[in-house]
Amino acid sequence: MSGNQIRRSMPILPIGTVMQLTDLTARQIRYYEEHSLIHPARSDGNRRLYSLNDVDQLLEIKDLLDQGINMAGIKKILILKTEPAPIETTTTKPEVSNEEVRKILREELLQAGRFQRPGMQNERPRFFH
DNA sequence: ATTCTCACA
DNA sequence: TGTGAGAA
């Protein structure tokens, strides 16, 4: 049950293939990398090589973006994906499932994200007066 | 043919 | 985020 995981994390896809698989432009794919949303491997003459996991990662990013979440939020969400089991605190109290924590955090991010979104690009954030 | 980085009438 | 230039 790990052979596939190994394969899924194997860096083999050139950016061109990833573009077709995700419907994202090379510009966007590289842009997300600049913001540490993905970490494709490099090879040959400095060419990016993506794994199937990276492709899934990008598809999720695209989704989150459509949902109105920004890079910062996506970054946090992605970290939750990477570190599924935060910390089994020493407290043996009736645990609040990680899923519960995630749900809450996800909602928070949705809120934060909705602020600077396309639609009212000209309006400046006038929090006061 | 592809992808990379960098810059922007 | 798009686009084009010059190199690899």
Side-chain angles (χ1 to χ4, degrees):
Chain A
M1 273 150 261
S2 57
N4 290 308
Q5 288 309 327
I6 292 177
R7 272 182 280 264
R8 292 187 66 66
S9 60
M10 180 176 279
I12 52 178
L13 314 175
I15 197 168
T17 303
V18 178
M19 288 172 72
Q20 299 179 188
L21 262 32
T22 63
D23 282 301
L24 289 170
T25 65
R27 181 79 175 78
Q28 295 176 299
I29 297 173
R30 299 193 186 106
Y31 183 69
Y32 303 152
E33 180 185 349
E34 286 186 71
H35 290 272
S36 305
L37 267 40
I38 52 178
H39 312 115
R42 292 273 183 157
S43 188
D44 317 291
N46 192 43
R47 279 175 166 55
R48 273 168 261 252
L49 292 180
Y50 302 81
S51 66
L52 293 175
N53 281 326
D54 290 326
V55 173
D56 289 339
Q57 184 86 294
L58 285 168
L59 290 175
E60 290 183 44
I61 292 173
K62 201 175 75 165
D63 250 72
L64 267 16
L65 247 26
D66 288 332
Q67 287 177 45
I69 301 176
N70 59 165
M71 308 267 105
I74 294 177
K75 196 176 296 183
K76 293 180 182 179
I77 293 176
L78 255 36
I79 291 176
L80 291 182
K81 284 281 187 178
T82 305
E83 304 169 31
I87 299 175
E88 267 315 314
T89 50
T90 52
T91 61
T92 315
K93 283 180 168 291
E95 312 177 24
V96 177
S97 67
N98 289 321
E99 219 179 290
E100 190 60 56
V101 178
R102 291 195 200 180
K103 180 184 178 184
I104 297 174
L105 184 47
R106 181 165 57 70
E107 290 171 3
E108 281 183 30
L109 295 173
L110 273 171
Q111 287 303 313
R114 289 189 200 299
F115 254 88
Q116 280 209 324
R117 265 272 96 187
M120 53 166 268
Q121 296 123 346
N122 296 317
E123 284 305 314
R124 238 154 277 324
R126 295 165 189 153
F127 299 107
F128 312 110
H129 88 286

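All values reported here derive from a predicted model rather than from experimental measurement. We name chains A, B, ... by the order of the sequence lines, and we start the count at 1 in each one.
Residue A:T25 places no side-chain N or O under 4.0 Å from the OP1 or OP2 atom of C:dT1. Between C:dT1 and A:Y32, a contact under 4.0 Å exists linking OP1 or OP2 to a side-chain N or O. In terms of phosphate contacts, A:R30 brings a side-chain nitrogen or oxygen within less than 4.0 Å of OP1 or OP2 of B:dC4. Remark: A:R42 is in phosphate contact with B:dT5, judged by side-chain N or O atoms under 4.0 Å from OP1 or OP2. Taking side-chain N and O atoms only, A:N46 has no distance below 4.0 Å to OP1 or OP2 of C:dA8.
The CD1-P distance, from A:I29 to C:dT1, rounds to 11 Å in whole Å. What separates CG of A:N70 from C1' of C:dT1 is a distance of 16 Å, to the nearest Å. Between the NZ atom of A:K62 and the C1' atom of C:dT1 there is a distance of 16 Å, given to the nearest Å. The CZ atom of A:R27 sits 14 Å away from the P atom of C:dG4 (whole-angstrom rounding). Atom P of nucleotide B:dA7 and atom CD of A:E34 are separated by 12 Å, given to the nearest angstrom. Spacing between atom CD1 of A:I12 and atom P of B:dT2 amounts to 18 Å, rounded to whole angstrom units. Atom pair A:Q28:CD and C:dG2:C1' shows a separation of 10 Å (rounding to whole Å applied).
Below the 3.5 angstrom threshold, one finds a donor paired with an acceptor across the side chain of A:R47 and the base of B:dT2.
The shortest non-hydrogen separation linking A:K75 to A:L37 is CE-CD1, 4.0 Å. When all heavy atoms of A:I29 and A:I38 are compared, the closest pair comes out as O-CD1, 3.6 Å. Considering every non-hydrogen atom in both A:S9 and A:S51, the closest pair reads C-CB, 3.5 Å.
Under the 4.5 Å side-chain criterion, counting only non-hydrogen atoms from C-beta, A:K62 is in contact with A:D23. Residues A:T22 and A:Y50 have side chains not in contact (no heavy-atom distance under 4.5 Å, counting atoms from C-beta outward).
In a base pair of the Watson-Crick type (N1 to N3 plus N6-O4 or O6-N4) or a G-U wobble (N1-O2 and O6-N3), with each distance short of 3.5 Å, B:dA9 is matched with no nucleotide.
Closest to the side chain of A:P14, out of B:dT3, B:dC4, C:dG2, is B:dT3.
Note on A:G45: nothing from the nucleic acid sits closer than 4.0 angstrom, heavy atoms only.
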